[in-house]
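Encoded as structure tokens, the structure appears first; notes follow it.
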Amino acid sequence: MELTALFLALLFATLRLATPLIFAAMGGFMSERSGVVNVALEGFMLSGAFVGAVVGHQFASAWMGWAAALLIGLCVGALYALFVIELKADQIISGMALNLLVMGLIPFITKILYNSTGSTPALLVEDRFRVEPLVMALLLVGVLTFWLYKTRSGLWLLFAGEHPQALLASGVSVRKVRWAAVCASGAFAAWGGASLSLFLASSYSPLMTGGRGFMALAALIFGKWKPVPAFLACLLFAFADAMQIRLQGVRIGEVEIPVQFVQILPYLVTIIALAGFIGKSRSPKALGQEGF
Amino acid sequence: MVKSILTALLIVSFHISSYANPLKVGLVLDKGGKDDKSFNSAAYQGASKAEKDLKIDLKYVEATDTNAIENLHRSFARKNFDLIIGIGFAQKDAVKKVAAQFPQVKFAIVDGEVTAPNVRSLLFEEHEGSFLVGALAAMNSKSNSVGFVGGMDIPLIRRFAMGYAAGAKYVNPKINVSENYVGVTGEAWNNPAKAKELALAQYSKGADVIFVAAGASNTGVFDAAEEKKKFAIGVDSNQNWIKPGVILTSMMKAVDVAVYDTIKEAQAGKFTGGIVHFGLKNEGVNYTVDKYNEKLITPDMKKKVEEIKKKIIAGQIQVPDYYKKK
């Protein structure tokens, strides 16, 4: 009985911790599958987390925050698309620049709005999400999987990343497909951020994503740029995190496991996963290719 | 000749300007930031009170990155600030280095010990205050189990944990105390999502009061307590107001008073280097009771904890100190 309870608690903690990662990984998936490298996921997440928290607090409704995160995600995604698709800036550098821009802009805005240096007021407990973002994350993975392999526009996305010339020859604008994909990427990753500030916590605090955007990117690569394996990779990372929380202070016989060892677990899992068990992970062929 | 006259003029003008101008105080906050509602907020409150009351010239910055701390201190010193206050253990090395380079500038550091004639170290006896809130937690606990969530895993936070556990065990020797840390890097002060998961795990294992010492991550534990209808104990500032009815009490560190007094003494020209200790004796640490939690602390609990407090001050109870463990 107690074991079941423990297992359930662990399962729910894993799913909760995975939610922001899943959204961000799906965001990365959209962008990278269309052929655009995306290291700006962290920035997308931060902007979603921040705007979600501000609007959610303003209207005392998590759903309003969620909608606002969608909008800001589309905008930031469009900004990134403008730089890398229209202006053909280096994708890695623009991505990092976007991260830095968001990190710098948020404290600036909070100073004006709340006279604070980067945090927002908290949402009341009844205004927060209970499980909705988690359900939406699971749905998103399902929908994306279906869409990618079963619909015409899904195949456009695949071809934009694998063989853009072929897509061009069939009369579809690679540029437009990539634009749409990068905007969607922004929106999904922003939702990932919003699920942090509206679901896992109750307000925005400075740099609260704590590298989750990059973890999501690692999950995407580990998952071979496919939605379901990437989703599973997110679960694995979140599981390591949830285990880490429960293993702190656990004893094996007389010896207490040192907390430092337990805390490296998530990172250890990431490294082992990426270096050892992944097998061959092939990136989309035209990833990073410009000029369409 | 001309040179020496100019130098003399410069010194005179500098003196005149330093008399005419208000005391310039630079405050370097730690990673949690001015609005962590906890440690850094307390420091900022003390400094901004001094700004209002004493008409000093206050500038504050936040060290978003550990590597930036030294530069922040140095740039204040270069701009001829009179007093520079570093908040947090992470600034120790930076203060030590910069204070040696600018012997004419006064420095103060909270939670770090630096021995230099122009540095005042403001140290708090966290274990004593933690002992009191540990005792309160044990008195309040019905499940015979209490928890501790620390921010970054450092000796300072272990000191909180050790005092807390000792306090809880003093009241109830059989009580179970679980102890968790958010992380091992500075990011741990800003990770409410993780702190919340830690708290949820502890609550599900039976704890019904959790003492949290994790800067801006504290809100995660408060959220968990609110959702699970359990209790939490705040830290550094009086955090009772954040979630009335959920926060049992707060282990207050009078960082605001320490900062304010240091500024005041510097202004009056009475600044001295050396170590200043803030313990239960001089109300540097304490538990808090106010209108937000007066219903949670029964008169009986209060009586008992006051007794314990007296015994600690009188030296009848020896609170274990993590710093002196080795």
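Since this is a predicted model, take the numbers as computed values, not measurements.
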Which bit of D153(B) is near chain A, if near means a heavy-atom gap under 4.5 Å: side chain, backbone, both or neither?
-> side chain
Tell me, side chain or backbone of K243(B) under 4.5 Å from chain A's heavy atoms, or both, or neither?
-> side chain
Atom group of F199(A) that falls short of 4.5 Å from chain B, counting heavy atoms | backbone
Check: F148(B) ring centroid to F211(B) ring centroid under 6.0 Å | yes
Side chain / backbone / both / neither for A13(A) at chain B, heavy atoms under 4.5 Å | both
Does a side-chain heavy-atom distance below 4.5 Å link F23(A) with L140(A)?
-> yes
Electrostatic pair E187(B):K194(B) at N-O distance under 4.0 angstrom | no
Ranked by heavy-atom pairs below 4.5 Å to chain B, first place among A9(A), S116(A), S205(A) goes to S116(A)
Any sub-3.5 Å donor-acceptor pair from S141(B)'s side-chain atoms to A137(B)'s backbone N or O?
-> no
E197(B) versus chain A, the contacting section by heavy-atom distance below 4.5 Å = both
For the pair K228(B) and D208(B), find out whether any cationic side-chain nitrogen is under 4.0 Å from an anionic carboxylate oxygen.
-> no
Examine whether an atom of Y44(B) lies under 4.5 Å from a heavy atom of chain A, and if so say whether it belongs to the side chain, the backbone or both; otherwise answer neither.
-> neither
In terms of heavy-atom pairs under 4.5 Å, which option from P206(A), P107(A), G210(A) contacts chain B the most?
-> P206(A)
Using non-hydrogen atoms only, which part of N190(B) is less than 4.5 Å away from chain A: side chain, backbone, both, or neither?
-> both
Answer with yes or no whether the side chains of Q239(B) and S250(B) bring together a donor and an acceptor at under 3.5 Å.
-> no
Measure K196(B) against the heavy atoms of chain A and call it side chain, backbone, both or neither at under 4.5 Å.
-> side chain
How about F129(A) and W66(A): are their ring centres within less than 6.0 Å of each other?
-> yes
Is a salt bridge present between K34(B) and E62(B), judged by a nitrogen-to-oxygen distance below 4.0 Å?
-> no
Among D241(A), T110(A), L196(A), which has the most heavy-atom pairs under 4.5 Å with chain B?
-> D241(A)
